[in-house]
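Some notes on the structure that comes next.
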Amino acid sequence: MGGGETSEGEALRARIVAEARGWIGTPYLHRASLKGQGADCLGLVRGVWRAAIGPEPQPLPPYAPDWAEATKAERMAQAAGRHMRAVAPEDAAPGDVLLFRWREGFPAKHAAVLVTRERMVHAHDGAAVAEVFLAPWWRRRLAFAFAFPGA
């Protein structure tokens, strides 16, 4: 990659991180994606996409809070793979999207944005969007990582 591409990718990653941090304090609201008003984990990623990349690449399908348990399909990872570049979870860099499994044997259904090698921003049911330490509990559940286009 040429020097200009690297600088552009690094600038995009910085915008993604800043945008994700701008959502901190947004209340949790299932299927929502409005900074300061309400978001779930996917809504956070969607909002960051809109701010850093542009219009969302596909319409939001309907989903219930228990969609992963009901379907057993890796729908979130498949959708991310259609629009983002997969990276090995251990190679995720600030600005990448992380997907987690709540339990082994179930599809990944929780998303976050990595903001440093040790911290992430996420929306969690029952709490506002927050920046948290990527603790061993989270690392054990990390299933997928994806880079935004151009990052």
Side-chain angles (χ1 to χ4, degrees), residues 1-58 60 63 65 67-68 74-104 106-151:
M1 226 188 301
E5 291 174 306
T6 300
S7 295
E8 289 174 18
E10 290 170 0
L12 175 58
R13 286 182 177 279
R15 285 196 314 274
I16 291 165
V17 167
E19 181 62 24
R21 284 179 164 154
W23 285 69
I24 292 172
T26 298
Y28 181 88
L29 184 60
H30 177 66
R31 288 188 44 87
S33 182
L34 188 59
K35 189 188 325 187
Q37 300 298 309
D40 62 8
C41 65
L42 180 57
L44 168 66
V45 173
R46 292 171 49 224
V48 170
W49 178 289
R50 290 190 308 267
I53 306 298
E56 292 180 51
Q58 72 178 65
L60 181 66
Y63 62 94
W67 66 267
E74 290 287 2
R75 290 189 177 164
M76 186 179 276
Q78 291 165 355
R82 283 192 297 273
H83 308 293
M84 305 171 111
R85 179 176 47 85
V87 297
E90 62 273 13
D91 295 333
D96 287 345
V97 173
L98 307 177
L99 301 183
F100 300 90
R101 298 182 198 288
W102 286 128
R103 289 181 283 173
E104 193 170 326
F106 283 90
K109 69 175 279 186
H110 186 64
V113 177
L114 191 65
V115 294
T116 73
R117 293 275 181 191
E118 301 295 324
R119 299 184 69 77
M120 66 182 190
V121 171
H122 74 132
H124 193 286
D125 191 7
V129 174
E131 183 173 329
V132 300
F133 181 63
L134 189 57
W137 189 92
W138 286 110
R139 289 186 188 276
R140 285 191 303 273
R141 288 161 177 79
L142 181 57
F144 301 95
F146 296 91
F148 282 90

Gln78: what forms a side chain to side chain donor-acceptor pair (under 3.5 Å) with it, not counting sequence neighbours? none
May I ask you to test the Ser33-Arg50 pair for a side-chain heavy-atom distance under 4.5 Å? yes
Would you indicate whether the side-chain heavy atoms of Glu74 and Arg101 approach each other to under 4.5 Å? yes
Going by the angle between their ring planes, with limits at 30° and 60°, are Phe100 and His110 parallel, tilted or perpendicular? tilted
Whether Arg139 and Glu118 form a salt bridge (side-chain N of Lys/Arg under 4.0 Å from carboxylate O of Asp/Glu) is what I want to check. yes
Once rounded to the nearest 0.5 Å, what's the spacing between atom CE of Met84 and atom CZ of Phe148? 4.0 Å
Near Glu104 CD, under 6.0 Å, is it more than 12 heavy atoms from other residues, nucleotides or ligands? no
Tell me the closest heavy-atom pair linking Leu99 and Met76, and the distance in Å. CD2-SD, 3.4 Å
What closest approach, in Å, do Gln37 and Thr26 show between heavy atoms, and which atom pair accounts for it? N-CG2, 3.9 Å
Can any side-chain N or O of Trp49 pair as donor or acceptor with the backbone N or O of Pro55 at less than 3.5 Å? yes
Could you pull out the closest heavy-atom pair between Arg31 and Asp40, with the gap in Å? N-OD2, 2.8 Å
Listed partners of Glu90 passing side chain to side chain donor-acceptor pair (under 3.5 Å), at least two apart: none
Main-chain N/O of Ala92 paired with Arg117 side-chain donor or acceptor, under 3.5 Å: yes
For Arg46, enumerate each residue passing the side chain to side chain donor-acceptor pair (under 3.5 Å) test, keeping only those at least two apart in sequence or located in another chain. Glu56
Can you name the closest pair of heavy atoms from Gly38 and Ala32 and give their distance? O-CB, 3.3 Å
Rounded to the nearest 0.5 Å, how far apart are CZ of Phe146 and CG of Leu114? 14.0 Å
Interatomic spacing from CZ in Arg13 to CG in Asp96 - rounded to 0.5 Å: 4.0 Å
Is there side-chain contact between Val48 and Val121, with at least one heavy-atom pair below 4.5 Å? no
Provide the closest heavy-atom pair for Gly43 versus Trp23 in the form atom of the first, atom of the second, distance. O-CH2, 4.0 Å
Return the CD1 to NE2 distance between Ile24 and His122, rounded to the nearest 0.5 Å. 10.0 Å
Testing the basics here: between Ala39 and Leu44, what is the closest heavy-atom pair and its distance to 0.1 Å? CB-N, 4.1 Å
For the pair Trp138 and Trp102, name the ring-plane relationship: parallel under 30°, tilted 30 to 60°, perpendicular over 60°. tilted
Atom pair CG (Leu98) and CG (Leu142), whose distance is rounded to the nearest 0.5 Å: 5.5 Å
How many angstroms lie between atom CD1 of Ile53 and atom CG of Leu12, to the nearest 0.5 angstrom? 4.5 Å
